[in-house]
Amino acid sequence: MSAYKSDFLNVLASRGFIHQVSEPEALDALARTSTITAYIGFDCTAPSLHIGHLLPIMMLHWLQQTGHRPLPLMGGGTSRVGDPSGKDESRRLLTDADINANLKSIRAIFARFMRFGDGKAGAVMANNADWLNTLNYVDFLRDVGRHFSINRMLSFDSVKLRLERQQELSFLEFNYMILQAYDFVELYRRYGCMLQMGGSDQWGNIVNGIDLGRRLHNAQFFALTAPLITTASGAKMGKTASGAVWLNADQMSPYDYWQFWRNTEDADVARFLKLFTVLQLDEIERLAALKGAEINEAKKILATAATAMVHGQSAAEQAAATARTTFEEGGLGTSLPAVEVPRAELKAGIGVLAAFVKAGLAASNGEVRRAIANNAIMVNDVRVTSDKAIVGEAEVTADGVVKLSLGRKRHVLLKPV
RNA sequence: GGGGGAGUGUCCCGAGCGGCAAAGGGGGCGGACUGUAAAUCCGCUGGCUUACGCCUUCGUAGGUUCGAGUCCUACCUCCCCCA
């Protein structure tokens, strides 16, 4: 069904990664005849990447699998500015120390998805702080700024929407697109990078880079954007009670990560398998054909495969096993999140309210009270009906833990130490 | 510089005659139904409290009042118009 001749575009298109491509024929031809270096920018405004970053990371993965060179760019410099795209409010400005700390913890994630190092397709990581931080303002204006038309910049969605909605857009943020365009050129100079990929909201920024490349180097750059991924019911992906779905294990356990995928809506299963796992397409076809309750099998495969991409095969299988014992056999899974409690404290008895707050299942005593009123609280699978109930040593099971449950899905173990 | 408008529950949007823990959505969480799905229906969605109740919250700081999100003053931030 795909009209592309190159492996690279074929794979991306058939798995649903492509929203827009500039000059598709030329890019297709280039991908067939040479090794492309392509970059995607990631900002460092949070200490971990989350699910929203997964799509671009997968694009880099496939880029490498099809023989090309991925170039993840850390926005060490641009994070100091903040991209106004899709935002009504200015982002908080981060300190350089924050940015560097974030950058460091993000870096490890990439190694899971692509091979770094030598060889023609070995991935390279760059940081735009390396060139942006030392720019000379006047030189930059003369060399780069003169190629930008304010008239045109005002017509870009990222700017236009802010202005139309009467939201403040600072000069600092207004410059973001210029810096991103400059990044593209700089990566071309340093690494011969000719393709920039990103989310669909990046189209305007990328196109600016293409223009600048043509003006400064008479070079043909390319843009490729991925669709914005929403769930079948229209919600933005990756929002849960506790916030974002993080990729770092210390922000979100592999078990919880597995659960996130396990709870995918039926209608999203096939699409997510294509986007977020590396299963063969014919295998995905087979799974997608499952009907009714059988599709749960596909969801488990999705969960395990997607978790394995980020946390490794063994952690993924452990999460799957824990889910199986917990949900299908009514037992205790070993990788359920656990919270340690001093044995003496448990001996004295902890009120249910405090116990659930301590376990992180609720934010306040009141929240636990309401949950009890809603029949949602269980200790060792026994429903709690009074907020005066005590969790003590008697509740420690043969496994040496106390199982606290909020609803049927959220479980935390209390482990005496 | 002059004139007009706006800022509401720490997720968002948004109503709010001086009696307000503050309408209504969305989102989220829980329950029922299911398949750890969707849809639907129901409940919850500031903190402490067994409870009466107490405390904290409507841009900031004061004031009027028995009582202020609501009225007054000053200040901060944003928007629009005029210069």
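Each chain gets a letter, A, B and so on, in the order its sequence line appears, and its residues count up from 1. Heavy-atom basis, side chains included; hydrogens, waters and symmetry copies ignored. All of these numbers come straight from a predicted model, not from anything done at the bench.
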Rounded to the Å, how far apart are [X] [atom1] and [N] [atom2]?
{"X": "Arg262(A)", "N": "G35(B)", "atom1": "CZ", "atom2": "C1'", "answer": "8 Å"}
{"X": "Glu265(A)", "N": "U34(B)", "atom1": "CD", "atom2": "C1'", "answer": "15 Å"}
{"X": "Ile372(A)", "N": "G31(B)", "atom1": "CD1", "atom2": "P", "answer": "14 Å"}
{"X": "Leu353(A)", "N": "C48(B)", "atom1": "CG", "atom2": "P", "answer": "9 Å"}
{"X": "Leu361(A)", "N": "G28(B)", "atom1": "CG", "atom2": "C1'", "answer": "16 Å"}
{"X": "Lys300(A)", "N": "U36(B)", "atom1": "NZ", "atom2": "P", "answer": "8 Å"}
{"X": "Asp268(A)", "N": "U36(B)", "atom1": "CG", "atom2": "P", "answer": "18 Å"}
{"X": "Leu406(A)", "N": "U45(B)", "atom1": "CG", "atom2": "P", "answer": "15 Å"}

State whether the distance check finds a donor on one side and an acceptor on the other, under 3.5 Å, for side chain [X] versus base [N].
{"X": "Gln259(A)", "N": "U36(B)", "value": "yes"}
{"X": "Arg369(A)", "N": "U45(B)", "value": "no"}
{"X": "Asn375(A)", "N": "G30(B)", "value": "no"}

Does the side chain of [X] get closer than 4.0 angstrom to OP1 or OP2 of [N] through an N or O atom?
{"X": "Asn365(A)", "N": "U49(B)", "value": "yes"}
{"X": "Arg370(A)", "N": "G47(B)", "value": "yes"}
{"X": "Ser364(A)", "N": "G47(B)", "value": "yes"}

Which one is paired to [N], where only Watson-Crick or G-U wobble pairs with both distances under 3.5 angstrom count?
{"N": "G27(B)", "answer": "U45(B)"}
{"N": "G7(B)", "answer": "C76(B)"}
{"N": "A21(B)", "answer": "none"}
{"N": "U70(B)", "answer": "none"}
{"N": "U40(B)", "answer": "A32(B)"}

Would you say the side chain of Leu60(A) lies within less than 4.5 Å of the side chain of Pro72(A), judging by non-hydrogen atoms? yes
Rounded distance in Å between the [atom1] positions of [N] and [M]:
{"N": "A22(B)", "M": "U45(B)", "atom1": "P", "result": "11 Å"}
{"N": "G69(B)", "M": "C58(B)", "atom1": "P", "result": "8 Å"}
{"N": "U8(B)", "M": "G2(B)", "atom1": "P", "result": "27 Å"}
{"N": "G59(B)", "M": "G53(B)", "atom1": "P", "result": "28 Å"}
{"N": "U65(B)", "M": "G28(B)", "atom1": "P", "result": "48 Å"}
{"N": "G3(B)", "M": "C75(B)", "atom1": "P", "result": "13 Å"}
{"N": "C20(B)", "M": "A15(B)", "atom1": "C1'", "result": "13 Å"}
{"N": "G35(B)", "M": "A51(B)", "atom1": "C1'", "result": "43 Å"}

Nearest 0.5 Å, what's the CD1-CD1 distance between Ile57(A) and Ile40(A)? 8.5 Å
Once you round to the nearest 0.5 Å, how far does OH of Tyr191(A) lie from CG of Leu71(A)? 6.5 Å
Check each residue of residues 307-319 of chain A for a non-hydrogen atom within less than 4.0 Å of any atom in RNA chain B, then write out the ones that pass by number, or none. none
State whether [X] and [Y] are salt-bridged, where the test is any N-O pair (Lys NZ or Arg NE/NH1/NH2 against Asp/Glu carboxylate O) under 4.0 Å.
{"X": "Lys299(A)", "Y": "Glu294(A)", "answer": "no"}
{"X": "Arg369(A)", "Y": "Asp387(A)", "answer": "yes"}
{"X": "Arg142(A)", "Y": "Asp139(A)", "answer": "no"}

Looking only at side-chain atoms of [X], point me to the closest of [options].
{"X": "Arg410(A)", "options": "U36(B), G35(B), G30(B)", "answer": "G30(B)"}
{"X": "Arg408(A)", "options": "G35(B), G31(B), G30(B)", "answer": "G31(B)"}
{"X": "Lys409(A)", "options": "U50(B), A37(B), G35(B)", "answer": "A37(B)"}

Which sits closer to the 5' end of RNA chain B, Arg383(A) or Trp258(A), going by the nucleotide each is nearest to? Arg383(A)
Tell me which of Lys388(A) and Ile295(A) sits closer to the 5' end of RNA chain B, going by the nucleotide each one is nearest to. Ile295(A)
Once the angle between the rings of Phe113(A) and His61(A) is folded into 0 to 90°, is it parallel (under 30°), tilted (30 to 60°) or perpendicular (over 60°)? perpendicular
Using the ring of each side chain (for Trp, its six-membered ring), is Tyr188(A) parallel, tilted or perpendicular to Phe221(A), with breaks at 30° and 60°? tilted
NA contact type, Ala323(A), heavy-atom cut-off 4.0 Å: base, sugar-phosphate, or nothing? base
When all nucleic acid strands are considered with a 4.0 Å heavy-atom cut-off, which category describes Thr326(A): base, sugar-phosphate, or nothing? nothing
Answer yes or no: are there more than 12 heavy-atom neighbours, outside Gln280(A) itself, under 6.0 Å from its atom CD? no
If you count heavy atoms of other groups shown closer than 6.0 angstrom to NZ of Lys300(A), is the number above 12? yes
Would C54(B) be called syn or anti here, given the cut-off of 90° from 0? anti
